[in-house]
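In each ligand, atom 1 is the first atom listed, and ligand 1 is the first ligand listed.
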Amino acid sequence: MRATRALIHLENLVHNLGIVTELSGPERSICLAVKADAYGHGAVAVARTALEAGVSRLAVATIEEARELRDAGITAPILLLSPIREEEADEAVAASTEPMVTDEHWIRLFAEAANRNGTVLPVHLKVDTGMGRIGCPPERAADLAVAVRNEPALLLAGTATHFPAADMEDTDFTEQQIDRFSRVVESIRGAGADPGLIHAGNSAAILRYHDALFDMVRPGIMAYGYYPSGDFPREYTLLPVMELETRVLFLKEVPAGTPISYGLTYRTSERTTIATLPVGYGDGYFRLLSNKAEVRIGERRYPVAGRICMDQTMIDLGPQSSVSIDDPVVLFGPGGPDAEDLSESVGTIPYEITCSVSKRVPRIYLGPE
Ligand SMILES: *Cc1c(COP(=O)(O)O)cnc(C)c1O
């Protein structure tokens, strides 16, 4: 098998979900976000392990993602978080997803699709309390909830909102959203409709806003072992689930002043050993990490030397290296450096680092399944 692979430590996923449960309380249900192939970790294996560990629902972005889970025999409820095209409405029903509704038009479309398929479709009313992405205005929520209730082919399974700033130190914005959302829920009940499961909390809210967890939480990133942003006190030990690993496949000793890789951006400062790794931006190891990232071999860290290529990357082992061909090299993972370290050096977030590990990299599942 190829030297470059993503080890998926499912025992760490179970550990992190334990923290979710501890923070949200055993009485709340957990809907795990497994969109984008479970943030790059592999949706089916992650979903199976998570359901085994007590998660009761899954959330995806596309119908294809839902389909993959259904084809693997997963029967748990699947929330469809993102908007779809009108022509996909029947597929949403056929894959037994629970889509978000945001206006009368979609309530009608989903009701028609459910009728055509001879079923009752559970939907969630999405309310925009400040995210500015999808959702109805808070003052429309009660009418829409009633409209759903009046459709025999639909069931209002839940009422939801989303927090864009729950990871930020300033809590005003999120507190206002929580307030607005609580009033939305009251208005729905006031109109005589049942809001179903009330849910809002992403990882940031689970970590920071314990009064905003309502009936169900929707963690993503914390289950995969990362804090949503650098702004958090590290009170809980989240364990990275993905370990991107490769091996040393070529070694050479070179004199001082030797240029390394495209653009000659790195020159050795002394006589040294350069190792070549069979990994590159074609695997999702960002070219922006050139001359910035470090890798780990055993206990020691080594710098990436020169530009990362599509399929290969060089590292500088220094003058006195005992590294050999086939030695394992960690690009990121639980023992560090981790995806957060990489994300910081290129100005992104850990989400994008794990999501970007490409299809070319086999996922190897370790731990409980
Ligand atoms: C992705 C997503 C989540 C999970 O967010 P994390 O920050 O990864 O915890 C929750 N809710 C919605 C609507 C999402 O799109």
Measure from NZ or CZ of Arg28 to the centre of the six-membered ring of Phe214, then state whether that distance is under 6.0 Å and the direction lies within 45° of the axis.
no

Is ligand 1 under 4.0 Å from a heavy atom in the side chain of Pro219, in the backbone, in both, or in neither?
backbone

Which ligand 1 atoms does Tyr39 reach within 4.0 Å, using its non-hydrogen atoms?
1 (C), 4 (C), 5 (O), 6 (P), 8 (O)

Where does His162 meet ligand 1, judged by heavy-atom distances below 4.0 Å: at the side chain, the backbone, both, or neither?
side chain

Could you list the atoms of ligand 1 found under 4.0 angstrom from a heavy atom of Leu81?
12 (C), 13 (C), 14 (C), 15 (O)

For the residue pair Tyr224 and Tyr39, is the inter-centroid distance of their aromatic rings smaller than 6.0 Å?
yes

Is the shortest N/O to N/O distance between Lys35 and ligand 1 below 3.5 Å?
yes

Taking Arg267 first and then Asp316, would you say they form a salt bridge - that is, a charged N and a carboxylate O separated by under 4.0 Å?
no

Would you please test Arg360 and Asp311 for salt bridge (charged side-chain N to carboxylate O under 4.0 Å, His left out) and show each step?
CA-CA 11 Å; Arg360 183 163 87 177; Asp311 315 304; 2.9 Å; yes

For Ala204 and ligand 1, answer yes if some heavy atom of the residue is under 4.0 Å from a ligand atom, otherwise no.
no

Under 4.0 angstrom from ligand 1, any heavy atom of Tyr224?
no

Is it the side chain (CB and beyond), the backbone, both or neither of Met222 that lies under 4.0 Å from ligand 1, heavy atoms counted?
neither

What part of Arg133 sits under 4.0 Å from ligand 1 if we count only heavy atoms: the side chain, the backbone, both or neither?
side chain

Is Arg208 positioned over the aromatic face of Phe232, cation under 6.0 angstrom from the ring centre and no more than 45 degrees off axis?
yes

Ile221 contact mode with ligand 1 (heavy-atom cut-off under 4.0 Å)
both

Taking the ring centre of each residue, are His15 and His9 less than 6.0 Å apart?
no

Decide yes or no on salt bridge (charged side-chain N to carboxylate O under 4.0 Å, His left out) for Glu151 and Arg108, but give the supporting numbers first.
CA-CA 8 Å; Glu151 283 290 352; Arg108 199 161 45 246; over 6 Å; no

